[in-house]
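Order of appearance sets the numbers: ligands from 1, and atoms from 1 within every ligand.
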Amino acid sequence: MAAKAKVPSCIVCSKQLAGGPSEWPQFPFCSQRCKLVDLGRWFEESYTLPAGPRTAQEIVEEIEELEAKRLEQEPGEG
Ligand SMILES: [Zn+2]
């Protein structure tokens, strides 16, 4: 009869993160992608570049490209 613990959810897509931070390396996001989406939104609000409008999606894709290149260059952990 234990009270049901409140399940945290991804702050981007609201997916339920059962198990909490120990189960979700990207907590409070469900995934790296949602983390990047949130970062992209933050970028969009913080840096309004006159060079041309960029959507959060474009920024996310750019970050993912950089991350992919970085992962190619570095040996994986484990
Ligand atoms: Zn999510």
Exercise for review: Spell out, as yes or no, whether a donor-acceptor pair under 3.5 Å connects the side chain of W42 to the backbone of V37.
Suggested key: no
Review point. With hydrophobic residues grouped by side-chain heavy-atom distances under 4.5 Å, do F29 and I59 end up in a single group?
Key: yes
Review point. Mind checking whether V12 and L36 sit in one hydrophobic cluster, side chains of I, L, V, M, F, W, Y counted as touching below 4.5 Å?
Key: yes
Practice item. Look at K69 together with E72 and state whether they make a salt bridge at an N to O cut-off of under 4.0 Å. Key: no
Revision key, fill the gap. Any protein N, O or S atom under 2.8 Å from the Zn ion (ligand 1)? Found C10 SG, C13 SG, C30 SG, C34 SG
Check your understanding: Measuring from E64:CD to L71:CG, what's the distance to the nearest 0.5 Å?
Key -> 11.0 Å
Practice item. Check whether any side-chain heavy atom of Q32 lies under 4.5 Å from a side-chain heavy atom of E67, and answer yes or no. Key: yes
